[in-house]
Amino acid sequence: MKKIITIVGARPQFVKAATLSRQFALQGVEEKIVHTGQHYDANMSDVFFDEMEIPRPVYNLEVHGLGHGAMTGRMLEGIEEILLKEKPDAVLVYGDTNSTLAGALAAAKLHIPLVHVEAGLRSYNMQMPEEINRILTDRISNLLLCPTDTAIENLKKEGFDHIDAKIVKNGDVMQDAALFYAEKAEQKSDILKKLQLPKFVLATIHRQENTDNPEKLRGIIAGLNEINKEVPVVVPLHPRTRGILAKENIVPEFSIIEPVGYFDMIMLLKTCEMVITDSGGVQKEAFFFEKQCITMREETEWVELVQHGFNILTGSDAEKIVNAYHESKSKKSDFRINLYGQGLAAERAVKEILVGNWQFRSNRAI
Ligand code: UDP
C-alpha cells in the first residue's frame, strides 16, 4: 500500500486536506497527517477535523506564536525527523503557509517525491510571505497540481517547461469542499438562528499585509463601519486581527463574532448579501455560493474572478470599499461558469498522485 505524509498547519489547509483525505481513504491509501501546530485554537483547528471528518493528525509539532524564521525552522526540523521515521512514498503540501514551505523543504532534501496542491498561484507581490512560500515550494515539487489555467501559465512564465516536474490542472479542491459539505452545513449549523439577521454582509480580515499596517487596518475598519450603517456587517474575526485592533485602539462598530467552524461559515456564505474579504479561500467561496465579492487587497491570485466581474479589488481604502459595495449591490451576475472544476479536483489529484506518470517512489534517499 502507498504511504503518504500530508503536512497541514493552518485553517485553509484543513479545508483543502479534507477533500483529498476522503479520496485517499476511498482508494485504500495510507495517509498520515502531520499538524505543525501553526493554528491551534479549537475554533481555528479542531472544529475542522471534527466537522469535516478529517483523520486525526498522527503527529502534532505544536509550533506556533513565533516569527517566520523560527517557526519555519522548527517545523522543518520536526518534519524531517518524522519523514526519516515514516519513510513515506510521497509528501503532500497545500497552499502557501510556513507549514507548506517547511514540509516541502524537508521532503525535497530527503529526495522524497513532493506534491504541491494549489501550485502555480502568484500575486506577484513579494511583500507577502505567502508569495515567497509558494514560489519556493513550487520550484522543488515533483508534481504540481494547479487549480486554474492561470496557475499553469504562471509556471510556464517562470520556465517550468524546463524543470523536471509534472504540471497538471486538477481544479480547485475548495470547490469540492463547498459542494460536499453544503448539505451537512444546512443540517448542523445554527449560526443563522443565533445571529437573527435577515440581511447582512459577511466580512473577514486576516491578511498580514492588512493587519500589520495600522493605516491599512484603519481604512478597512472605517470602510466596513460605513457599510454597517446601511446593512449589518458580520465579521468572524481572526485572532491575530483581534489582537492588533485592541493594541492599536481601533474600534469596529460592526458585529464581531469568534471565528466560526466550516459549517457555520458555509451558512453565512449562503445567506449573506455580499462578501468582503482579504482571504484567498473566501474569495472563491463567495463565487461558489453565488455572491459578489470585494477583495481588500491590491491584487489577487484568483484573477479569473475579477476578469469575469465576480470580484472587485479595492485595497484598504475606505472610500473604495464603500463604492465597491454600492457598485456590487446592484450587480446581477451569472455564476454558472466552470472556473474551478465543479467538485472533481480532489479525485483528479489523487488519481494523478497514484497512477500519473511522475516521480512517485523514485530517487528515494531513505
Ligand atoms: N473560514 C471558516 N471560519 C471563519 C473564517 C474562515 O471556516 O471564521 C474558512 C473559510 O470558509 C475558508 C478557509 O477558512 O474555507 C479560509 O481560510 P483563511 O481565510 O483563514 O485563509 P486563506 O484562504 O486566506 O489562506
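Read the numbers this way: they start at 1 and go in the same order the structure lists the ligands and their atoms. Everything numeric here is computed off the predicted structure, so don't read it as measured data.
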Solution key, residues 136-145 side-chain donor-acceptor pairs under 3.5 Å, sequence neighbours excluded:
| unit_1 | atom_1 | unit_2 | atom_2 | d |
| --- | --- | --- | --- | --- |
| T137 | OG1 | N133 | O | 2.7 |
| D138 | OD1 | H116 | ND1 | 2.6 |
| D138 | OD2 | G120 | N | 3.0 |
| D138 | OD2 | R122 | NH1 | 2.8 |
| D138 | OD2 | R122 | NH2 | 3.0 |
| S141 | OG | T137 | O | 2.7 |
| N142 | OD1 | L114 | N | 2.8 |
| N142 | ND2 | Q359 | OE1 | 3.1 |

- Query: Quick one: side chain to side chain donor-acceptor pair (under 3.5 Å) partners of E285, sequence neighbours excluded?
  - Reply: none
- Message: With a 4.0 Å heavy-atom cut-off, what residues sit around ligand 1?
- Response: R11, P12, V15, F48, M174, H206, R207, P236, P259, V260, G261, Y262, M265, S279, G280, G281, V282, E285
- Identify, with sequence neighbours excluded, every residue that meets side chain to side chain contact (heavy atoms under 4.5 Å, CB included) alongside Q307. V303, E304
- Around Q208, counting heavy atoms of other residues, nucleotides and ligands shown, do more than 12 lie under 6.0 Å from its CD? yes
- Give a yes or no on whether E81 atom CD has more than 12 heavy-atom contacts from other residues, nucleotides or ligands under 6.0 Å away. no
- Do the charged groups of R134 and E301 touch, with an N to O distance under 4.0 Å? yes
